[in-house]
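A short worksheet on the structure shown next.
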Amino acid sequence: MTQELNGKIALVTGSCRGIGRACAKALAIAGAQVVLNWNESEDDINNVVTEIRSLGGKCMPVRADVSNEIDVRQMFNYIDEVWGAIDIVVNNAGVALSKPFLDSTEEDFQYIFDTNVRGAFFVGKEALRRMQGRSDLPRLINIGSELGYLGRPNNALYAASKAAMMNLTKSWATEFAPYVLVNTIAPGPISTRMLDPKRMSEESLELELNNPMGRLGTVDEVAGCVRFLSGPEATFITGQTLGPNGGAVMP
């Protein structure tokens, strides 16, 4: 355990697995008290709680559907009551869908945008309401994607949702400066349950490996970026997009 985030209270949405789990663990190791947001898999979140506490970290799970405004408001109110003012929020909860655009339905659109954009909007609103005007530089970090820059065939809805998140970052960073630091992390291909090489076709894997580093990234490499942006060395960074993507995007 380290201490650079000692005394800080962090919320990571979608903490059950993958990038969210790694971010929650990294923040806890750095000394933060971490709220683990989850909605569907109780077994997975219990495993995260056990892992963090076994490392000496402090965490608590809070169930909420981020696409539901009432759920999100109640989650923040509960954090206020139990732990106090939130210092770090990681807007990570997200879903993906790969489908030819002309086969996409209104239900597909709603599925992607409800979590990826609507959820980010509700969480961001409650977070910023509490963070505005403070002198201790609270942090809001949106988890975007390289596809927010690139787009990709069969991924129009997902790419559009991540581009929307990335532009929320720029608007919030401007509107809430100089009191809140708001940034995006836009990972490239990261080895997770959503992007499992064992389940991918040879063609799909070749597409994901088409970056200068020639490999998939790890969730810990993304979590390291979250830890950096949450820490004392990132106090002059806002409105930016950090890209752990192996060089796949060089804006």
Side-chain angles (χ1 to χ4, degrees), residues 8-25 27-28 32-50 52 58-97 106-132 134 138-145 157-158 160-162 164-169 171-172 175-176 180 182 184-185 192-194 226 230:
K8 300 295 185 181
I9 297 170
L11 165 67
V12 180
T13 65
S15 295
C16 281
R17 60 180 74 96
I19 290 172
R21 178 176 184 152
C23 291
K25 180 180 172 183
L27 293 173
Q33 299 172 210
V34 184
V35 180
L36 307 170
N37 163 249
W38 68 287
N39 187 38
E40 294 181 351
S41 178
E42 189 168 7
D43 287 342
D44 283 343
I45 201 65
N46 285 339
N47 289 336
V48 181
V49 170
T50 299
I52 289 175
K58 188 171 183 180
C59 64
M60 70 172 176
V62 179
R63 186 172 192 175
D65 176 359
V66 298
S67 69
N68 183 300
E69 186 173 17
I70 294 174
D71 268 20
V72 172
R73 185 177 301 125
Q74 289 176 343
M75 174 173 65
F76 274 87
N77 287 341
Y78 182 73
I79 297 168
D80 292 339
E81 293 170 9
V82 177
W83 275 358
I86 197 85
D87 300 294
I88 301 161
V89 171
V90 182
N91 239 334
N92 167 74
V95 295
L97 178 68
E106 182 179 354
E107 289 74 21
D108 294 331
F109 182 93
Q110 186 169 347
Y111 169 69
I112 292 293
F113 274 75
D114 270 1
T115 298
N116 295 3
V117 182
R118 186 182 174 95
F121 167 72
F122 290 147
V123 171
K125 188 175 182 180
E126 290 299 322
L128 291 165
R129 190 191 307 279
R130 289 160 171 80
M131 293 174 169
Q132 63 180 341
R134 286 168 50 180
R139 317 298 166 89
L140 177 54
I141 301 168
N142 289 325
I143 303 299
S145 167
L157 298 181
Y158 177 76
S161 73
K162 290 301 184 178
M165 285 187 70
M166 293 158 73
N167 281 280
L168 283 174
T169 292
S171 296
W172 290 343
E175 185 169 347
F176 292 93
V180 187
V182 188
T184 295
I185 294 172
T192 63
R193 192 178 301 185
M194 289 174 61
V226 168
S230 301

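Just so you know, residue 1 is the first one in the sequence shown, and it goes up from there.
Contact annotation: the side chain of Arg21 never approaches that of Lys25 to less than 4.5 Å [non-hydrogen atoms, C-beta and beyond]. Between Val89 and Met131 the shortest side-chain heavy-atom distance falls below 4.5 Å. Side-chain atoms of Trp38 and Ser15, non-hydrogen and from C-beta on, never get closer than 4.5 Å to each other. You'll find the side chain of Ile70 reaches within 4.5 Å of the side chain of Gln74, heavy atoms only.
Among the candidates Asn92, Val90, Val12, the single residue satisfying the side-chain contact (heavy atoms from CB on, under 4.5 Å) test with Val226 is Val90.
A side-chain donor-acceptor contact under 3.5 Å links Asp65 and Ser67.
Distance check: Asn39 CG to Asp71 CG gives 7.0 Å after rounding to the nearest 0.5 Å. One finds the CD1 atom of Ile86 at 13.5 Å from the CZ atom of Arg139 (value rounded to the nearest 0.5 Å).
Formation of a donor-acceptor pair under 3.5 Å by the Ser171 side chain with backbone atoms of Leu168 is not found in this model.
Contact record, Val48 with Cys16: CG2-O, 3.4 Å, taken as the closest heavy-atom pair.
Partners of Asn142 by side-chain hydrogen bond (donor to acceptor under 3.5 Å, both in side chains), not counting sequence neighbours, listed by chain and number: Asn91, Thr169. When the side-chain hydrogen bond (donor to acceptor under 3.5 Å, both in side chains) test is applied to Asn167, no partner is found at least two apart in sequence or on another chain.
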Which is it for Phe76 and Val123 under the side-chain contact (heavy atoms from CB on, under 4.5 Å) test, yes or no, and what are the steps along the way?
-> CA-CA 9 Å; Phe76 274 87; Val123 171; 4.1 Å; yes

